[in-house]
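Data block below; observations after.
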Amino acid sequence: MDDTPRHLNFLEQIVEADNAALKWGAWPNQTPKVHTRFPPEPNGYLHIGHAKSICLNFGLAKTYAGKFNLRFDDTNPAKEEQEYVDSIIRDVKWLGGDFDTGPHAGGLFYASNYFEQMYAFAVELVRKGLAYVCDLSAEEVSKNRGDTKSPAKSPHRDRSAAESLRLLDEMRHGKHAAGSKTLRAKIDLASPNFVLRDPVMYRIIHEHHHNTGDAWCIYPMYDWAHGLEDSIEGITHSICTLEFRVNRPLYDWFINAINKDRGPGSPWGEKIHHPQQIEFARLNLTYTVMSKRFLLRLVEEKRVKGWDDPRMPTIAGLRRRGYPAHAIRDFCDEIGVTTQESVIDVTRLENAVRNRLNATAPRVMAVLRPLKVTIENWPAGTVEELDCLNNPEDPALGSRKVPFSGTLFIERDDFMETAPKKFFRLAIGQEVRLRWAYFITATSVVKDPATGEIIEVRATYDPATRGGDSPDGRKVKGTLHWVSAPHAVPLEVRLFDRLFNAEEPGARTGDQLDDLNPHSLEVLTAMGERSLSTAKVGDTVQFERMGYFRADEDTTPGKPVFNRTVTLKDTWAKVAAKA
RNA sequence: UGGGGUAUGGUGUAACGGUAGCACGACUGACUCUGACUCAGUUAGUCUAGGUUCAAAUCCUAGUACCCCAACCA
């Protein structure tokens, strides 16, 4: 029995209160209605910040037996593209935001499919005297915006409804140049909240739209469109980020304006649904830039290899790097949701990835920076097939045969001629275990006469320790991973460091690019165990002691390419750094 | 400066006038055929100053700090 009180976040508290009051009515099966949505603009790829929103919105639908929509807020053809639509659908599905399958599927929608309805609402507002066509240019509007002391000026706001209607019709039918006219809401030119100083509802944009083609040349602004989209879809809780707090009065004003004089028997029709906008704090991560605009810049200036570069904080990038969707969901659960801005340490994300992968990833051996080891007393020409567990965390996953011979590779970092205190790895005279194999003791080294670099270690093995245990109960402090040289599979391995050197990129100079880490990518040729020769794109494994890796899309038959998803925690690195 | 927000250990998050709790990190130690995992323990917090109250993170007053708005972006 679990009697620990479950802490509801503030959104869940709101939903539960609403449900208790049946504020939004009920589904046909009597459960209180909860209907959320994720409303991206298709002007870039989704990133980890969007994942928080997706988890939040889908999570609410899931825990309260509601529905979840994916809706493209595609109201600006100048910035939006079909490629982004496609990528967003892929990413949302991958994250588990089941908008079109399963019990919480609300559906896939496009704001642009509501343009005709929105236009009708706009005409209604003009007729009601609540909107008018304005001839001011963007620059003039800005100049006439007023300030904290003085109200805005808008010379055309008293234009007759009939004239506005005529002009609006002309705007719609392409009679006017881009930017020459707008439709504005007649609200309050003196409002201390500038958002309410007669905001623009429609602007003229003569551009091709990815969904509506050339059907329209006027496009609705966010504030005008968004509440209508939510209303049309029957959204109950319209969840957005904190910066929209000041827009909320406008969100409500537009819906109330439409509902003015509506009701039973009204010529305008019935009242439309009025969802509730709720704001939460967006995700910020250390060492990470989340703005779509900046990520686009990284792509366009080729600072990274694309939106799905494994160093990018995009969902596509994280997926390619090897972050499991489940780990991203775990992370979103762990960080919670509030109305206070915060910056989450990226290591939290990395830890969620480690936790998930530790439980699921098969173990294999690969040597990233090979150092040759010759076993002096190994019977020449002999090869043994040794049993290695695929995942000691889960013995049910079985074992595999790994070849062992007299010539091996070990990690360069796993050998020192003379071991300092606490160095439990291989050194002259020091015995270690080769994982699943034998105990070996280093006897001497071979150095490059020119550079002095160690190019080979010579060692002896104890035949009695086959499998990795000594019958006399002898203990060793260290266990090393290894690969038999004649059987080794060359691997291209891509190691990633953070994309930015600064915890808050751009804080010093104002330009995030100034904190770009020039060494964020390191490519190595590693040596993998035989089983890696058949690696397939998407395979996720742990290279024992070296971290979690995923076979990249660039993998071709016989030429595996692995991305390091994340390292293992490395206590030794800390100890060594201190010394 | 006008308007709108937010302040709890290093980080994140609970408390809804009644014992400041949890998670992550860090640090100790145990265990270990991955210096991983796991386990045990330690660490450290209510922005400031007043006030109300038997009792304040919570209510009141005055400050302070930070964020958002003043695009025909969303």
Side-chain angles (χ1 to χ4, degrees), chain A residues 4-9 13 39-41 43 73-76 78-79 134 136-142 145-150 152 178-184 191-197 199-205 218-219 221-223 225-226 240-249 279 281 286 292-293 334-345 347-348 351-352 354-355 358-359 363 365 388-389 392-393 422-425 432-437 439 465 467-469 475-481 542-548 567-576:
Chain A
T4 55
R6 188 169 165 249
H7 294 137
L8 302 179
N9 65 46
Q13 290 182 23
E41 181 186 17
N43 66 344
D73 200 7
D74 52 354
T75 57
N76 187 353
K79 295 187 172 180
C134 174
L136 257 31
S137 70
E139 204 182 322
E140 290 167 326
V141 169
S142 175
R145 182 68 68 185
D147 55 36
T148 55
K149 299 263 191 322
S150 51
S180 62
K181 285 185 168 31
T182 57
L183 183 71
R184 290 228 255 164
S191 174
N193 182 355
F194 280 64
V195 164
L196 297 175
R197 316 256 264 216
V200 170
M201 296 165 64
Y202 278 100
R203 76 287 214 196
I204 301 170
I205 303 175
I218 58 172
Y219 290 90
M221 295 284 292
Y222 168 85
D223 289 302
H226 205 86
C240 62
T241 45
L242 247 30
E243 67 268 26
F244 291 103
R245 182 57 243 266
V246 293
N247 299 58
R248 192 162 81 204
E279 309 85 18
T286 56
K292 274 202 263 183
R293 205 188 126 275
E334 285 163 15
I335 59 175
V337 48
T338 64
T339 57
Q340 12 181 326
E341 298 238 11
S342 61
V343 183
I344 310 282
D345 195 324
T347 59
R348 291 286 290 262
N351 280 327
R354 285 192 187 98
N355 286 154
N358 178 50
R363 316 283 129 125
M365 292 191 285
C388 302
L389 286 180
E393 298 280 313
K422 294 210 181 160
F423 184 81
F424 303 146
R425 307 176 184 185
V432 298
R433 169 170 40 234
L434 295 180
R435 180 140 235 224
W436 311 120
F439 287 9
T465 57
D469 283 304
K475 296 288 184 195
V476 288
K477 295 288 269 279
T479 300
L480 311 185
H481 60 286
Q542 182 193 115
F543 289 173
E544 293 212 48
R545 304 206 304 138
M546 302 311 288
Y548 297 97
T567 60
L568 261 32
K569 265 218 297 209
D570 189 352
T571 311
W572 166 245
K574 271 188 234 168
V575 174

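All chains are named by letter (A, B, ...) in the order of the sequence lines, taking the proteins before the strands, and each is independently numbered beginning at 1.
- A centroid separation of less than 6.0 Å is found between the aromatic rings of A/Phe423 and A/Trp572.
- Between the NZ atom of A/Lys574 and the C1' atom of B/G35 there is a distance of 11 Å, rounded to whole Å.
- Checking B/A74, B/A14, B/G35 against the side-chain heavy atoms of A/Glu41 singles out B/A74 as nearest.
- In this structure, of B/C72, B/A36, B/U34, it is B/A36 that holds the atom nearest to the side chain of A/Lys569.
- Straight-line distance from the CG atom of A/Asn193 to the P atom of B/G2: 15 Å, rounded to whole Å.
- As a whole-Å value, the separation of A/Arg293 CZ from B/C73 P is 15 Å.
- Rounded to whole Å, atom P of B/A7 lies 10 Å from atom CG of A/Leu242.
- Map A/Ala573 and A/Gly336 each onto its nearest nucleotide of RNA chain B; the residue landing nearer the 5' end is A/Gly336.
- Per the geometry, CG belonging to A/Leu8 stands 19 Å off P belonging to B/C22, to the nearest Å.
- For the P atom pair drawn from B/G50 and B/C37, the interatomic distance equals 47 Å after rounding to whole Å.
- For A/Thr148, the listed nucleotide lying nearest its side chain is B/U1; candidates were B/U1, B/C69, B/A36.
- Within 4.0 Å (heavy atoms only), A/Arg245 reaches sugar-phosphate atoms of the nucleic acid but no base atom.
- Side-chain proximity of A/Asn351 to the nucleotides B/G25, B/A36, B/G2 is greatest for B/G25.
- OP1 or OP2 of B/A74 has at least one side-chain nitrogen or oxygen of A/Arg203 nearer than 4.0 Å.
- Within the shown strands, B/G10 is the pairing partner of B/C24 under the Watson-Crick or G-U definition, both distances less than 3.5 Å.
- For B/A36, the base adopts the anti conformation, since its glycosidic angle falls more than 90 degrees from zero.
- Contact between the side-chain N/O atoms of A/Ser142 and the OP1/OP2 oxygens of B/A71 is found at a separation under 4.0 Å.
- Here B/C37 is the nucleotide among B/C37, B/A74, B/A36 with the atom lying nearest to any side-chain atom of A/Asn358.
- Here A/Asn355 lies out of heavy-atom contact (under 4.0 Å) with every strand.
- Looking at heavy-atom distances under 4.0 Å, A/Tyr202 makes no contact with the nucleic acid at all.
- Residue A/Arg545 has no polar side-chain atom (N or O) positioned under 4.0 Å from OP1 or OP2 of B/A36.
- For B/A71 and B/A49, the C1' atoms lie 42 Å apart once the distance is rounded to whole Å.
- When the P atom is compared between B/A26 and B/C59, the two are found 35 Å apart, to the nearest whole Å.
- For the P atoms, the distance linking B/G10 with B/A44 amounts to 10 Å, nearest Å.
- Among the heavy atoms of the strands, none lies under 4.0 Å from A/Lys477.
- Distances were taken from every side-chain heavy atom of A/Phe194 (C-beta onward) to each of B/G21, B/C73, B/G2; the shortest belongs to B/G2.
- Nucleotide B/A36: unpaired (no Watson-Crick or G-U wobble partner with both distances less than 3.5 Å).
- B/U53 makes up no base pair with any nucleotide shown, lacking Watson-Crick or G-U wobble contacts both under 3.5 Å.
- Proximity of A/Gln340 to the phosphate of B/U46: no side-chain N or O atom is located under 4.0 Å from OP1 or OP2.
- A/Phe543 comes within 4.0 angstrom of nothing in the nucleic acid, heavy atoms only.
- Heavy atoms of A/Leu136 sit under 4.0 angstrom from at least one base atom.
- If you take atom P in B/C22 and the same atom in B/A15, they sit 15 Å apart, rounded to whole Å.
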Let me see the working for A/Ile218 and A/Arg203 under side-chain contact (heavy atoms from CB on, under 4.5 Å), right down to the final yes or no.
CA-CA 5 Å; A/Ile218 58 172; A/Arg203 76 287 214 196; over 6 Å; no

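- Proximity note for A/Thr182 (side chain, C-beta onward) versus B/U34, B/A36, B/C72: the nearest is B/C72.
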Should A/Arg197 and A/Ser191 be marked as a side chain to side chain donor-acceptor pair (under 3.5 Å) after you check the CA-CA gap, both sets of side-chain angles, and the distance that decides it?
CA-CA 6 Å; A/Arg197 316 256 264 216; A/Ser191 174; over 6 Å; no

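- Relative to the side chain of A/Gln13, the nucleotides B/C16, B/C69, B/C73 differ in distance, and B/C16 lies closest.
- Judged by atom type and distance alone, A/Glu341 does not reach the base of B/C66 through any side-chain donor-acceptor pair under 3.5 Å.
- Salt bridge status for A/Glu41 with A/Lys79: absent, with no side-chain N to carboxylate O gap under 4.0 Å.
- For the P atoms, the distance linking B/U58 with B/U8 amounts to 13 Å, nearest Å.
- If you look at A/Tyr222 and A/Phe244, their ring centroids are closer than 6.0 Å.
- Both distances falling under 3.5 Å, in either a Watson-Crick or a G-U wobble arrangement, place B/G2 opposite B/C69.
- The separation of B/U11 from B/A74, taken at their P atoms, amounts to 36 Å, rounded to a whole angstrom.
- Between A/Asn247 atom CG and B/C69 atom P there is a gap of 9 Å when expressed in whole angstrom units.
- Each of B/U34, B/C24, B/G35 was ranked by its minimum atom distance to the side chain of A/Arg363; first place goes to B/U34.
- If you check every strand for non-hydrogen atoms under 4.0 Å, A/Thr75 touches sugar and phosphate atoms only.
- Summarising the geometry, the separation between NZ on A/Lys475 and P on B/C31 is reported as 11 Å, rounded to the nearest angstrom.
- You'll find that the side chain of A/Ile335 is closest to B/G12, out of B/C72, B/G4, B/G12.
- Rounded to the nearest Å, the gap between the P atom of B/U48 and that of B/G5 is 23 Å.
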List the steps, then state whether side-chain contact (heavy atoms from CB on, under 4.5 Å) holds for A/Asp73 with A/His226.
CA-CA 8 Å; A/Asp73 200 7; A/His226 205 86; 3.1 Å; yes

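- Judged by distance alone, with hydrogens and angles left aside, A/Arg425 brings a side-chain donor or acceptor within reach of the base of B/G35, the pair sitting under 3.5 Å.
- Atom NZ in A/Lys181 sits 11.5 Å away from atom OG in A/Ser137 (nearest 0.5 Å).
- A distance-only check finds a donor-acceptor pair linking the side chain of A/Asp570 to the backbone of A/Ala573 [under 3.5 Å].
- Across all strands shown, A/Thr338 has heavy atoms under 4.0 Å from sugar-phosphate atoms exclusively, and none from any base.
- With rounding to whole Å, A/Met221 atom CE is found 10 Å from B/A70 atom P.
- Taking side-chain N and O atoms only, A/Arg145 has a distance below 4.0 Å to OP1 or OP2 of B/C72.
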A/Leu480/A/Arg545 under side-chain contact (heavy atoms from CB on, under 4.5 Å): CA gap, chis, key distance, verdict:
CA-CA 8 Å; A/Leu480 311 185; A/Arg545 304 206 304 138; 3.6 Å; yes

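- The base-pairing partner of B/U48, taking Watson-Crick or G-U wobble contacts with both distances under 3.5 Å, is B/A62.
- Judged by distance alone, with hydrogens and angles left aside, A/Gln542 brings a side-chain donor or acceptor within reach of the base of B/U34, the pair sitting under 3.5 Å.
- Heavy atoms of A/Val476 sit nowhere under 4.0 angstrom from any nucleic acid atom.
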